[in-house]
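Structure, as structure tokens:
Naming convention: chains lettered A, B, ... in sequence-line order (proteins, then strands); numbering from 1 in each chain.
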2 protein chains.
Amino acid sequence: MTRKPNHGLREIARVAGVSKSTASRVISGNGYASAEVKERVLQAAEALHYKPNAVARAMVTKRTYNLGVIVFREKPPIVSHPLYGKIIDEILFASEARGYSVFLKTDREMSLRSTDFLLEQRVDGLILVSRLQKNVIDYVKKFHLPYLMVNGSTDDPDVIHLVSNDETGGARAAEYLYGLGHRQFFVIAGPVEHRSHSLRLTGFLRRLEQLGLSEQSGAVRVIPSPESSFDTGFQRMEKHFSDFRKYGYTALFTTNDMLALGAMKLLLDRGVQIPQEVAVLGYDDIELGRMYSPSLSTVTVDAVGIGRDAVELLDKLIRGEADLPKLVEYESYVVKRQSTEGKE
Amino acid sequence: MTRKPNHGLREIARVAGVSKSTASRVISGNGYASAEVKERVLQAAEALHYKPNAVARAMVTKRTYNLGVIVFREKPPIVSHPLYGKIIDEILFASEARGYSVFLKTDREMSLRSTDFLLEQRVDGLILVSRLQKNVIDYVKKFHLPYLMVNGSTDDPDVIHLVSNDETGGARAAEYLYGLGHRQFFVIAGPVEHRSHSLRLTGFLRRLEQLGLSEQSGAVRVIPSPESSFDTGFQRMEKHFSDFRKYGYTALFTTNDMLALGAMKLLLDRGVQIPQEVAVLGYDDIELGRMYSPSLSTVTVDAVGIGRDAVELLDKLIRGEADLPKLVEYESYVVKRQSTEGKE
DNA sequence: CTGAAAGCGCTTACAG
DNA sequence: CTGAAAGCGCTTACAG
């Protein structure tokens with residue numbers, strides 16, 4: 001494809017009657033230039049539709065002002081994932097505000113492919129979203145590139161990560177439902193390998209135990225679920241529906257909203273009254289929940305804070321600031337809606 | 001921030017005992033090299049953790065293998081927008097498959113800012129998502145950069161755009177509801193400035209007219225809506241609820257799913273039976289719809305096809321292929337679910 | 001305040 | 001098959 005020749009600095013320097021160095025100084029805003037020269041250069045740039053070449057600049061400054069964001073997920077909803085999407089929106093927004101552009105990559109096979117690409121692109125830093133294997137972290141470390149993790153799990157003490165305080169959130173969920181008078185709990189718990197799911201469950205169960213309710217006593221039934229999707233929630237509920245009704249559980253807690261919505265849909269399809277017969281409480285505070293009928297009560301995840309701070313922290317890392325926290329935790333709060341409290 | 005010195009080609013050439021030129025040839029895979037030399041170079045690269053510098057390469061080849069995607073939207077849900085998110089997921093996937101990385105930008109003010117950034121980054125091509133002002137198009141044109149538009153509207157005959165066949169989709173919606181026996185239609189129509197909303201409405205009304213039903217005869221009532229969000233759908237329905245019930249409309253069609261969901265939620269909150277009393281039909285086929293209770297009948301938008309083809313077409317444009325279509329249309333089909341047909 | 005020169009890390013004709 | 005050289009479009013000390 002033939003393109004209109006992109007006039008470079010040399011050309012505008014020629015037109016303005018100055019040297020490349022001087023033209024560079026006024027275009028980049030670094031260094032001195034007399035008002036009169038400045039004027040001439042700017043005019044030439046304007047006239048020639050000059051666009052600075054960021055690639056060339058990056059080559060010499062060793063700074064691209066580009067960030068890489070990689071979302072590790074096996075299944076298709078990636079950017080359009082209701083929670084990750086919110087976080088990514090915020091990352092884009094915060095990056096823009098700080099002058100960074102972002103490369104967005106997804107990785108379905110937890111491979112090193114996307115990471116390699118971004119390394120070659122010489123991004124200034126990396127944001128890794130969702131769970132990821134240790135090999136990815138080790139790989140990134142090897143290249144001494146600033147990076148951090150969002151909403152993922154790792155036992156590597158070196159890596160900076162931003163997460164919700166899921167255990168406390170789980171406890172708040174238990175407390176809230178208990179306060180509403182519930183004593184028989186049904187729980188659908190997402191994959192234990194995933195930090196957030198397992199901590200939410202732990203927090204929930206622990207608090208109930210403090211309140212005198214346990215699995216052993218039959219007051220709590222936990223159904224493990226290998227995935228955390230809507231369909232899985234639906235299927236889990238379908239499979240255990242008769243037990244569910246038989247033992248008179250009055251509250252359903254799930255470790256995320258998608259599971260809750262799936263399970264709730266099954267219940268609604270079967271004509272169960274929510275919340276009159278069963279109260280339902282999710283976790284994540286995704287948009288869908290608010291829109292559902294009945295609207296879904298949930299526990300918040302501060303997607304805005306996480307996205308915003310991820311960029312801020314990474315920026316500090318890039319600029320070489322020391323003493324950055326390794327772990328940033330966000331508080332989770334119960335949002336009361338129709339699925340637990342009825343009509344608003 | 002001090003980084004481990006990134007060994008360049010020169011260094012690995014030195015270690016392998018060959019010239020930079022030769023090292024370049026084996027690393028890039030372009031040009032000859034004896035098996036023995038190849039071996040030595042590759043080993044040196046391995047040993048020194050060599051990562052080719054894509055920035056330097058781009059500078060000389062004038063090809064970045066980067067694509068820019070800009071989503072023009074005023075309000076926050078951008079990447080996390082249920083329809084755009086799906087399209088973007090697909091764009092990312094298709095780009096990856098063709099060896100492109102993508103810069104994702106959002107633009108809330110319909111400004112030239114994001115476009116400028118990407119121009120400076122020397123992306124190989126641009127995908128513009130959603131409606132956008134003429135000035136943006138004119139601006140991009142000026143720089144002779146390959147670009148195309150997705151899901152937007154323009155009367156500029158030069159610009160390649162990929163859209164749904166919304167008019168036919170609207171007609172199919174009308175036909176479907178009519179076939180179900182409905183004769184009194186209530187319609188909530190999104191912003192007329194937006195191509196898809198206006199065409200869907202046109203197609204819907206036109207088909208009904210052919211079937212003998214019109215606004216004048218009182219068989220169809222159209223409520224215009226300045227926005228196309230869930231909340232707006234809810235509010236529109238709320239405002240017109242008494243009329244809605246009074247005149248016995250049995251079918252509600254909206255020009256997208258979000259409006260449908262909002263309106264449906266209001267109806268459900270008010271105890272209206274769906275679909276027994278009112279059938280509801282949306283448009284877009286977003287995930288939420290299938291998850292809702294009752295699940296929302298809708299008309300499809302081929303997000304997968306649009307995203308995939310956008311990248312394919314742009315790739316062809318970049319490679320200078322001629323005779324590319326200016327307009328690619330995707331068929332829309334009715335998806336029958338509970339909100340029109342009851343329990344599955 | 002301004003210019004000449006070197007260099008960022010590659011690729012690509014061109015000789016050999 | 002391999003190497004020397006030029007050059008991509010900038011920035012940045014360094015002189016002046």
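Without hydrogens or angle criteria, A:Asn151 side chain to A:Ser130 main chain gives no donor-acceptor distance under 3.5 Å. With A:Asp89 contributing its side chain and B:Ile78 its backbone, the two residues share a donor-acceptor pair below 3.5 Å.
By the 6.0 Å contact criterion, OH on A:Tyr65 is open, its count of non-hydrogen atoms from other residues, nucleotides or ligands being 12 or less.
In this structure, B:Gln121 places its CD atom 14 Å from C1' of D:dC10, rounding to the nearest Å. With rounding to whole Å, A:Glu39 atom CD is found 16 Å from C:dC1 atom P. In this structure, B:Glu11 atom CD and C:dC8 atom P are separated by 13 Å, rounded to whole Å. The nearest whole Å value for the distance from the NZ atom in A:Lys62 to the C1' atom in D:dT12 is 13 Å. One interatomic measurement links the two molecules: OH of B:Tyr65 to P of C:dC10, which rounds to 18 Å at whole-angstrom precision.
Side-chain nitrogen and oxygen atoms of B:Tyr32 include none within less than 4.0 Å of the OP1 or OP2 phosphate oxygen of C:dT12. Applying the 4.0 Å criterion to OP1 and OP2 of C:dG9, one finds that B:Arg10 has every side-chain N and O outside that range.
Taking the side chain as every heavy atom from C-beta outward, A:Arg73 and A:Thr106 never approach each other to under 4.5 Å. Looking at B:Tyr50 and B:Glu11, their side chains never come closer than 4.5 Å, going by heavy atoms from C-beta outward.
Among the nucleotides C:dT11, D:dT2, C:dG9, the one closest to the side chain of B:Asn53 is C:dG9.
Remark: DNA chain C forms stems of 3 or more consecutive Watson-Crick or G-U wobble pairs, all pair distances under 3.5 Å, at C:1-3 with D:14-16, C:5-12 with D:5-12, C:14-16 with D:1-3.
Once rounded to the nearest 0.5 Å, the distance linking CG of B:Leu126 with CE of B:Met149 reads 12.5 Å.
B:Arg40 has a carboxylate O that lies under 4.0 Å from a charged side-chain N of B:Glu36, or vice versa, which qualifies the two as a salt bridge.
Near DNA chain C, defined here as any heavy-atom distance below 4.0 Å, the residues from residues 17-25 of chain A are A:Val18, A:Ser19, A:Ser21, A:Thr22, A:Arg25, listed numerically.
The nearest pair of heavy atoms linking A:Ala303 to A:Ile87 is CB-CG1, 3.8 Å.
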